[in-house]
Amino acid sequence: MKQFKINGMQGFKFIIGIMLIGMLGLSSCTDDDDLAIVSFTQSELEVVTDTLTTSRIEIELSSPAPQNSNVIVIAPGNSYANAYTTVPGLDRGEILITVEAGSMTAHFDFVPLESGIGFDDFQQNFEIIATGPGLATNTFEGRFLNFNLINERVQEDDLPFVENFNVCGPNGSFELPPEDWTLIDVAQNSFGTGGYFCYTGQGVTGVGTNPFTPDGEQTQGDDYSEAWLISPSISLGGAESPSLSFDFDRRFDAPIDDNTLAYGLQISTDFDGSNFETANWEVFQPAVEAMTANDPGFDNIENTGPLDLSAYEGEDISIAFIFRAADAYFQATSIRIANVRVE
């Protein structure tokens, strides 16, 4: 075997070099050993809930955090603030989670939003993208979490109830009333123009009235008409602070008499679809006031804004839009209704 002989200064330099390399290697290993590896405690988390309560998402460390630090998590997608929030909150696309020195765990809270999730299941991915001093992540293992919310909430009401009058839209039949609604002509003028029809003006799809005579001829005496458009039964059984809103427009201003408007809205809690004459109907004054506030001098369909239905919490209600005209000539008003919503 061939031997190498190192003498004098050359040998001293060689030994020093070997020692430096060993020290650097030892320092590197020591630095790596001091880092606590951060990961989600599990890659899949399924939460079953019927109350949409807050869920805690845990992060674990392989060893105690050597100093105060942090973990940064992102939540891909655009559901934040619509379907859920977090604590700590998302700031510029990141969730910054504090890790205290000596701790072997960290966490953030997932807060589902009833307004966005409703009665549906929900899924969201999270990813650890960075760590502060003293912490590190593996390349893939433990960095990703798939969060699944299984929603077992039971809907106790029919909300939101929405009627967009699609029957009057481009793919509709243009036949009124919409499905499950009731249309009653209490009185019809001699020209047959005193009821509801499909209306698609002003950029909306809805229903309207236009009782005027086809050729503008003057009617003789009383030619009264009255029509009711009644919604299906809407359950407010589990609702808290329910409200009604709709788009409304009126043209001209011709009340029937000093005490009777040409339009109105009434609510019944005992209408069953066939007992129109015997059901109990109550004037819903907030809606009447919103309808009256519309300027009759212009075509200006406007939304009423939310009208408080809390007096009917726990009830099943039917909503009736009422139209009246004293005759089919100048003593008449036209109305338009669209986008009915109870929520």
Side-chain angles (χ1 to χ4, degrees), residues 49-53 112-120 151-168 176-186 195-196 206-207 209 226-248 250 259-294 302-324 335-343:
T49 176
D50 58 5
T51 57
L52 293 185
T53 54
L113 299 178
E114 180 179 344
S115 58
I117 294 178
F119 298 89
D120 298 326
N151 191 355
E152 294 189 343
R153 292 180 65 224
V154 177
Q155 187 164 357
E156 299 176 349
D157 52 51
D158 295 332
L159 306 185
F161 171 85
V162 179
E163 180 54 67
N164 292 325
F165 296 104
N166 291 330
V167 67
C168 296
L176 294 177
E179 184 178 1
D180 297 326
W181 286 65
T182 303
L183 182 58
I184 297 176
D185 287 331
V186 176
Y196 287 96
V207 296
T209 65
E226 180 178 331
W228 290 49
L229 181 62
I230 308 172
S231 77
S233 179
I234 305 167
S235 174
L236 306 182
E240 295 181 4
S241 302
S243 64
L244 163 69
S245 64
F246 56 94
D247 294 346
F248 181 77
R250 64 180 178 128
N259 300 311
T260 309
L261 296 172
Y263 47 84
L265 190 147
Q266 297 189 27
I267 293 177
S268 174
T269 58
D270 59 359
F271 176 66
D272 62 10
S274 61
N275 62 338
F276 169 71
E277 294 184 354
T278 59
N280 295 297
W281 296 96
E282 297 178 342
V283 174
F284 185 51
Q285 194 60 34
V288 175
E289 292 174 1
M291 297 162 89
T292 304
N294 183 269
E302 299 172 321
N303 191 264
T304 62
L307 307 172
D308 185 15
L309 288 172
S310 58
Y312 296 95
E313 284 184 12
E315 301 276 7
D316 293 346
I317 64 171
S318 297
I319 298 168
F321 292 94
I322 305 164
F323 171 72
R324 310 178 185 92
I335 66 173
R336 295 87 182 245
I337 301 164
N339 298 319
V340 179
R341 187 178 185 92
V342 179
E343 57 188 349

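Counting from 1, the numbers follow the sequence of the chain as shown.
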Original post:
Under 4.5 Å between any side-chain heavy atoms of Thr209 and Tyr263, yes or no?
Top reply: no

**OP:** Show your working on side-chain contact (heavy atoms from CB on, under 4.5 Å) between Val186 and Phe276 and close with a plain yes or no.
**Re:** CA-CA 10 Å; Val186 176; Phe276 169 71; 3.9 Å; yes

Original post:
Just by modelled atom types, is the Gly118 backbone N or O under 3.5 Å from a matching donor or acceptor in the Asn151 side chain?
Top reply: yes

**OP:** Kindly give the heavy-atom pair with the smallest separation between Asp308 and Pro242, and that separation in Å.
**Re:** OD1-O, 3.7 Å

Subject >> Straight-line distance of Asn280 CG to Gln266 CD, nearest 0.5 Å >> reply: 11.0 Å

Original post:
Which value, rounded to the nearest 0.5 Å, describes the distance between Phe246 atom CZ and Leu265 atom CG?
Top reply: 5.5 Å

Original post:
Which heavy-atom pair separates Pro178 from Phe165 by the least distance, and what is that distance?
Top reply: CG-CD2, 3.7 Å

Original post:
Would you say Ser231's side chain and Ile319's backbone share a donor-acceptor pair under 3.5 angstrom?
Top reply: yes

Original post:
Looking at Val288 and Gly264, what are the two nearest heavy atoms and their distance?
Top reply: CG2-CA, 4.4 Å

Original post:
Which pairs with one or both residues in residues 157-168 pass side chain to side chain donor-acceptor pair (under 3.5 Å), sequence neighbours excluded?
Top reply: Glu163-Trp181

**OP:** To the nearest 0.5 angstrom, please state how far the CD atom of Glu315 sits from the CG atom of Leu236.
**Re:** 8.0 Å

Subject >> Closest approach of Pro112 to Ile117 (non-hydrogen atoms, all atoms of both residues) >> reply: CB-CD1, 3.6 Å

**OP:** Taking Asp247 for its side chain and Asn339 for its backbone only, find out whether a donor-acceptor pair lies under 3.5 Å.
**Re:** no

**OP:** Measure the CD1-OG distance between Ile234 and Ser318 for me, rounded to the nearest 0.5 Å.
**Re:** 7.0 Å

Subject >> Distance (rounded to the nearest 0.5 Å) between Phe284 CZ and Ser268 OG >> reply: 14.0 Å

Subject >> Atom CD of Gln285: over 12 foreign heavy atoms under 6.0 Å >> reply: yes

Subject >> Main-chain N/O of Leu52 paired to Arg153 side chain as donor or acceptor, under 3.5 Å >> reply: no

**OP:** Indicate the atoms forming the closest heavy-atom contact of Thr304 with Ser245, along with that distance.
**Re:** OG1-CA, 3.4 Å

**OP:** If the plane angle is over 60° it's perpendicular, under 30° parallel, otherwise tilted; pick one for Trp281 and Phe271.
**Re:** tilted

Original post:
Does the side chain of Phe161 reach to within under 4.5 Å of the side chain of Leu244, using non-hydrogen atoms?
Top reply: no

Original post:
Taking everything shown except Glu302 itself, do over 12 heavy atoms lie less than 6.0 Å from its CD?
Top reply: yes

**OP:** Just do the side-chain contact (heavy atoms from CB on, under 4.5 Å) check on Trp228 and Thr182 with the steps written out, would you?
**Re:** CA-CA 8 Å; Trp228 290 49; Thr182 303; over 6 Å; no

Original post:
Within a strict 4.5 Å, meaning less than it, do heavy atoms of the Thr292 and Arg250 side chains meet?
Top reply: yes

Subject >> Heavy-atom closest contact (Cys168 atom, Leu176 atom, distance) >> reply: SG-CD2, 3.9 Å

Original post:
Do the side chain of Glu313 and the main chain of Ser241 share a donor and acceptor less than 3.5 angstrom apart?
Top reply: yes

Original post:
Do the side chains of Pro177 and Leu229 get nearer than 4.5 Å, heavy atoms only?
Top reply: yes

Original post:
Are the side chain of Asn294 and the backbone N or O of Phe248 linked by a donor-acceptor pair below 3.5 Å?
Top reply: yes

Subject >> Evaluation steps, side-chain contact (heavy atoms from CB on, under 4.5 Å), between Val340 and Phe321 >> reply: CA-CA 11 Å; Val340 179; Phe321 292 94; 3.9 Å; yes

Original post:
Is a donor on one side and an acceptor on the other found under 3.5 Å between the side chain of Asp270 and the backbone of Asn275?
Top reply: no

Subject >> Leu309 CG to Leu307 CG distance, which is reported to the nearest 0.5 Å >> reply: 7.5 Å

